[in-house]
*Asks:* 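One structure is given below, represented as structure tokens, and several questions about it will come after.
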Amino acid sequence: MNAVEIDHVGKWFGQREGAPLHVLQDIDLTVPQRGVVAIVGASGCGKSTLLNIIAGLIEPDAGGVRLFGTAAREFRNWRAMTYMFQEDRLLPWRTAVQNVAFGLEAGSMPAAERRRRVDETLDLVGLSRFRDAYPHELSGGMRSRVALARSLVTEPSLLLLDEPFSKLDPTIRAQMHSELLRIAALRAMALIFVTHDVEEAVVLADRIVVLQPYPGRVRLVQKVALDRPRDPLSEAVTEQVRHLRLALSGEPVPC
């Protein structure tokens, strides 16, 4: 069973004047369980819109999405899927432990189980020592770890990420990449992430989807069959990056 199946998805947005804006056209994509898929493309090609459709935040106007074999409209196990946004969106009046616990408060989970999950997840991201710190007391990298922990505390099978590390400096971003892959392997999760950073896509993903804009449609699906961890300066990674940049520029892509 695949984690996600996207079947001929299309999307339009209305305009105040003129015809509706065609954002996505005939998107076909599958993401296996444990798969790591990156979505790249120019601004305006519909990357975040596609991620929001997968998350159920936006309805497609054509086609459909299946999550773990179930039509997205009928999918009810929403804790099996979480979303990490570009901004950490931490609540400033809550400590790290309280921010992580937020995703478990809506249900009927026993308090002891909530505490166990929160404690284990903070330990997983290396923040147990900072559990009582408020967001303003944490560095940017630590805040990203809290946001990641909040996404992981529900023990999801699918994690969606919309450029969550774009505001971090290169050293911290590389650390977050390593942490994300380690946790995904440990938890047997599938990952789908949007990025403008082609190098980030090659370092993290096993498949990269290049969207061509106006309307957004799949130009290329590139497999990345490189062993992990991947050195961004290695010849193999550099070649994959070059290949992707050609695709993004609209130039012919060599086989």
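In this text the structure is predicted, and so the values were computed from the model without any measurement.
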*Asks:* Look up atom CG in Leu244 and atom CG in Leu220, then write down how far apart they are to the nearest 0.5 Å.
*Replies:*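 Separation between the atoms: 7.0 Å.
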*Asks:* First locate atom CG of Asp28, then atom CG of Asp26, and finally report the distance between them rounded to the nearest 0.5 Å.
*Replies:*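 Here the rounded value is 5.5 Å.
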*Asks:* Applying ring-ring contact (aromatic ring centres under 6.0 Å, His included), name anything that partners Phe102, two or more places apart in sequence or on another chain.
*Replies:*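 With sequence neighbours excluded, Phe102 shows a ring-ring contact (aromatic ring centres under 6.0 Å, His included) to no residue whatsoever.
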*Asks:* Taking atom CG of Asn99 and atom CG of Leu90, what is their separation to the nearest 0.5 Å?
*Replies:*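 Going from the CG atom of Asn99 to the CG atom of Leu90 covers 4.5 Å.
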*Asks:* Honestly curious: do Leu67 and Leu191 fall in one hydrophobic cluster under the side-chain, below-4.5 Å linking rule?
*Replies:*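 Each belongs to a different hydrophobic cluster.
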*Asks:* Could you name each residue pair satisfying side-chain hydrogen bond (donor to acceptor under 3.5 Å, both in side chains) that touches residues 63-75, not counting sequence neighbours?
*Replies:*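 Checked against side-chain hydrogen bond (donor to acceptor under 3.5 Å, both in side chains) - neighbours excluded - the pairs reaching residues 63-75 are Glu59-Arg73.
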*Asks:* Salt bridge (charged side-chain N to carboxylate O under 4.0 Å, His left out) for Glu179 and Arg182? Distances and angles first, verdict last.
*Replies:* CA-CA 5 Å; Glu179 282 295 289; Arg182 178 183 67 84; 2.9 Å; yes
*Asks:* For Tyr83, give me all partners under ring-ring contact (aromatic ring centres under 6.0 Å, His included), at least two apart in sequence or on another chain.
*Replies:*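 Applying ring-ring contact (aromatic ring centres under 6.0 Å, His included) to Tyr83 gives Phe85.
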*Asks:* Are Leu21 and Val23 side-chain neighbours, meaning at least one heavy-atom pair lies under 4.5 Å?
*Replies:*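 Leu21 vs Val23: side chains touch.
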*Asks:* Might you point out which heavy atoms bring Leu168 and Gly141 nearest each other, and give the distance in Å?
*Replies:*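 Residues Leu168 and Gly141, closest heavy atoms: CD2-N, 4.0 Å.
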*Asks:* Mind listing the closest non-hydrogen atom pair of Phe165 and Arg173 along with its distance?
*Replies:*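 Result for this residue pair: O-NE, 3.2 Å.
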*Asks:* If you look at every heavy atom in Val9 and Pro60, which pair is closest and at what distance?
*Replies:*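 So the minimum-distance heavy-atom pair works out to CG1-CB, 4.0 Å.
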*Asks:* Please list, chain by chain and in numerical order, all residues satisfying side chain to side chain contact (heavy atoms under 4.5 Å, CB included) with Ser139, sequence neighbours excluded.
*Replies:*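 Scan of Ser139 (side chain to side chain contact (heavy atoms under 4.5 Å, CB included), adjacent residues dropped) gives Met142.
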*Asks:* Partners of Arg115 by side chain to side chain donor-acceptor pair (under 3.5 Å), sequence neighbours excluded?
*Replies:*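 Side chain to side chain donor-acceptor pair (under 3.5 Å) check on Arg115 returns nothing, list empty.
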*Asks:* For a 4.5 angstrom cut-off between non-hydrogen side-chain atoms, does Gln33 reach Asn2?
*Replies:*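 Gln33 vs Asn2: side chains apart.
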*Asks:* For Asp169 and Ile172, indicate whether the former's side chain and the latter's backbone hold a donor-acceptor pair under 3.5 Å.
*Replies:*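 Judged by distance alone, yes, a pair lies under 3.5 Å.
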*Asks:* Any side-chain hydrogen bond (donor to acceptor under 3.5 Å, both in side chains) pairs touching residues 150-162, not counting sequence neighbours?
*Replies:*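 The answer is Ser48-Asp162.
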*Asks:* Group every Ile, Leu, Val, Met, Phe, Trp and Tyr by side-chain heavy-atom contacts under 4.5 Å, then state whether Leu91 and Leu127 land in the same group.
*Replies:*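 No, Leu91 and Leu127 fall in different hydrophobic clusters.
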*Asks:* Restricting to side chain to side chain donor-acceptor pair (under 3.5 Å), what partner residues turn up for Arg94, sequence neighbours left out?
*Replies:*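 Checked Arg94 against side chain to side chain donor-acceptor pair (under 3.5 Å); matches are Glu105.
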*Asks:* Salt bridge check: are Glu239 and Arg242 linked by an N-O gap of less than 4.0 Å?
*Replies:*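 Result for this pair is yes, salt bridge flagged.
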*Asks:* Quick one: do Ile27 and Val4 end up in the same hydrophobic cluster if we chain Ile, Leu, Val, Met, Phe, Trp and Tyr together by side-chain heavy atoms under 4.5 Å apart?
*Replies:*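 Result: yes, single cluster for both.
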*Asks:* About how many Å separate OG of Ser144 and CG of Leu180, when rounded to the nearest 0.5 Å?
*Replies:*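 Answer rounded to 0.5 Å: 11.0 Å.
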*Asks:* What residues form a side chain to side chain contact (heavy atoms under 4.5 Å, CB included) with Ala149, not counting sequence neighbours?
*Replies:*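 With sequence neighbours excluded, Ala149 shows a side chain to side chain contact (heavy atoms under 4.5 Å, CB included) to Val100, Thr121, Val125, given in chain and number order.
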*Asks:* Provide the closest heavy-atom pair for Gly41 versus Leu248 in the form atom of the first, atom of the second, distance.
*Replies:*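 In this case the closest contact between Gly41 and Leu248 is CA-CD2, 3.5 Å.
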*Asks:* Any non-hydrogen side-chain atom of Arg230 less than 4.5 Å from a side-chain atom of Val224?
*Replies:*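 In short, these two side chains touch, coming nearer than 4.5 Å.
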*Asks:* Can you confirm whether Thr49 sits close enough to Phe13 that some side-chain heavy atom of one is under 4.5 Å from a side-chain heavy atom of the other?
*Replies:*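 Heavy-atom side-chain distance check passes, below 4.5 Å.
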*Asks:* In terms of hydrophobic clustering (I, L, V, M, F, W, Y; side-chain heavy atoms under 4.5 Å; direct or indirect links), are Leu233 and Val202 co-clustered?
*Replies:*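 Different clusters.
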*Asks:* Report, one line per pair, each donor and acceptor closer than 3.5 Å where one atom sits in a side chain of residues 203-210; sequence neighbours left out.
*Replies:*
{"residue": "Asp206", "atom": "OD1", "partner": "Val36", "partner atom": "N", "Å": "3.3"}
{"residue": "Asp206", "atom": "OD2", "partner": "Val36", "partner atom": "N", "Å": "3.1"}
{"residue": "Arg207", "atom": "NH1", "partner": "Thr30", "partner atom": "O", "Å": "3.3"}
{"residue": "Arg207", "atom": "NH2", "partner": "Thr30", "partner atom": "O", "Å": "2.1"}

*Asks:* Determine yes or no for a side-chain-to-main-chain donor-acceptor pair under 3.5 angstrom, with Glu199 supplying the side chain and Val241 the backbone.
*Replies:*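 It does not hold such a pair.
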*Asks:* Linking I/L/V/M/F/W/Y whenever their side-chain heavy atoms sit closer than 4.5 Å, directly or via other members, would Met84 and Val146 fall into one cluster?
*Replies:*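 Hydrophobic grouping puts Met84 with Val146.
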*Asks:* For the pair Leu152 and Met189, evaluate side chain to side chain contact (heavy atoms under 4.5 Å, CB included) and give the outcome as yes or no after the intermediate values.
*Replies:* CA-CA 10 Å; Leu152 296 173; Met189 294 187 301; 3.6 Å; yes
*Asks:* Say whether, by atom type as modelled, one donor and one acceptor occur between the side chain of Glu113 and the main chain of Pro110 under 3.5 angstrom.
*Replies:*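 Side chain of Glu113 to backbone of Pro110, a donor-acceptor pair under 3.5 Å: no, none is there.
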*Asks:* Within a radius of less than 6.0 Å around CD of Glu235, do more than 12 heavy atoms belonging to other residues, nucleotides or ligands occur?
*Replies:*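 No - once you tally the heavy atoms of other residues, nucleotides and ligands closer than 6.0 Å, there are 12 at most.
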*Asks:* Counting only heavy atoms not in Arg217, do more than 12 fall under 6.0 Å of its CZ?
*Replies:*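 Above 12, so yes.
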*Asks:* Below 4.5 Å, heavy atoms only, C-beta onward: do Leu24 and Leu50 meet side chain to side chain?
*Replies:*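 The answer is yes; the side chains approach within 4.5 Å.
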*Asks:* Would Ile6 and Val31 count as a side chain to side chain contact (heavy atoms under 4.5 Å, CB included) if you check the C-alpha gap in whole Å, the side-chain angles of each, and the deciding distance to 0.1 Å?
*Replies:* CA-CA 9 Å; Ile6 301 170; Val31 180; 5.9 Å; no
*Asks:* If the condition is side chain to side chain contact (heavy atoms under 4.5 Å, CB included), which residues does Asp61 pass it with, not counting sequence neighbours?
*Replies:*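 Residues passing side chain to side chain contact (heavy atoms under 4.5 Å, CB included) with Asp61: Lys11, Trp12.
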*Asks:* So how far is it from Phe75 CZ to Phe68 CZ, rounded to the nearest 0.5 Å?
*Replies:*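 Reported to 0.5 Å precision, the distance equals 5.5 Å.
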*Asks:* Any chance you could lay out the side chain to side chain contact (heavy atoms under 4.5 Å, CB included) test for Thr95 and Arg131, step after step, and finish with the verdict?
*Replies:* CA-CA 7 Å; Thr95 62; Arg131 58 184 290 118; over 6 Å; no
*Asks:* Taking side chain to side chain contact (heavy atoms under 4.5 Å, CB included) as the definition, give me every residue that meets it alongside Glu163, ordered by chain and number, with sequence neighbours left out.
*Replies:*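 With sequence neighbours excluded, Glu163 shows a side chain to side chain contact (heavy atoms under 4.5 Å, CB included) to Gln86, Ser166, Val194, His196, given in chain and number order.
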*Asks:* Which pair of non-hydrogen atoms, one from Arg219 and one from Ala247, has the smallest distance, and what is that distance?
*Replies:*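 What the structure gives for the nearest pair is NE-O, 2.9 Å.
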*Asks:* Show the nearest heavy-atom pair for residues Ser43 and Tyr214, with the distance to one decimal.
*Replies:*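 It is O-OH, 3.7 Å.
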*Asks:* Out of curiosity, Asp88 CG to Arg145 CZ, how far, rounded to the nearest 0.5 Å?
*Replies:*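 That separation rounds to 14.0 Å.
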*Asks:* So, using side chain to side chain donor-acceptor pair (under 3.5 Å) as the criterion, who are the partners of His22 when residues are at least two apart?
*Replies:*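 Partners of His22 under the side chain to side chain donor-acceptor pair (under 3.5 Å) test: none.
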*Asks:* Give the intermediate values and the outcome of side chain to side chain contact (heavy atoms under 4.5 Å, CB included) for residues Leu160 and Asn52.
*Replies:* CA-CA 9 Å; Leu160 308 177; Asn52 288 334; over 6 Å; no
